Amino acid sequence: MEQNVVKELQALETMVLNWKSNYLSMRTPEGGDEFLADDFREEITTHVSHFVRRLYENSHLSLSEAHEFLDACYSHVEELRKSLA
């Protein structure tokens, strides 16, 4: 994988982690915040997956690399969901 692609993916990962932190900060003491995990998932789907798909379509990532990266992103959604429970 090209170094510039690695840097792009690292930037995306940092963005996803910042979103996760932001969503965690929005939880309320009363609970019932499961919708935050759904919103987080939607944000990844809307913004990150399209970018990763374009990297794949332009042969900057293999299919397995694209799946691996998106799986890692979506694993943060599940971590958030567990933290909100």
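No experiment lies behind these values; they were computed from the predicted model shown.
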List the atom of [X], the atom of [Y], and the distance in Å for their closest heavy-atom pair.
X: Val77; Y: Ala37; result: CG1-O, 3.6 Å
X: Leu12; Y: Phe51; result: CD1-CD2, 3.3 Å
X: His50; Y: Thr45; result: CD2-O, 3.3 Å
X: Cys73; Y: Val16; result: SG-CG2, 4.0 Å

Sequence-distant partners of Tyr74, ring-ring contact (aromatic ring centres under 6.0 Å, His included), two or more places apart:
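If we apply the ring-ring contact (aromatic ring centres under 6.0 Å, His included) test to Tyr74, skipping adjacent residues, there are no hits.
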State which residues pass side chain to side chain contact (heavy atoms under 4.5 Å, CB included) with Thr14; sequence neighbours excluded, sorted by chain then number.
Asn18
Asp33 (side chain) donor-acceptor with Thr28 (main chain) under 3.5 angstrom:
yes
Considering residues at least two apart in sequence or located in another chain, which fulfil the side-chain hydrogen bond (donor to acceptor under 3.5 Å, both in side chains) criterion with [X]?
X: Ser21; answer: none
X: Glu65; answer: Ser62
X: Glu57; answer: Arg53
X: Gln3; answer: none

Connecting only ILVMFWY residues whose side-chain heavy atoms lie within less than 4.5 Å of each other, what is the rest of Tyr56's hydrophobic cluster?
Leu63
Which pairs, with at least one residue in residues 1-13 and sequence neighbours excluded, count as a salt bridge (charged side-chain N to carboxylate O under 4.0 Å, His left out)?
none
Not counting sequence neighbours, list each pair that qualifies as a salt bridge (charged side-chain N to carboxylate O under 4.0 Å, His left out) and has a residue in residues 71-85.
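Non-adjacent pairs meeting salt bridge (charged side-chain N to carboxylate O under 4.0 Å, His left out): Lys20-Glu79, Asp38-Arg81, Arg41-Glu78, Glu78-Arg81.
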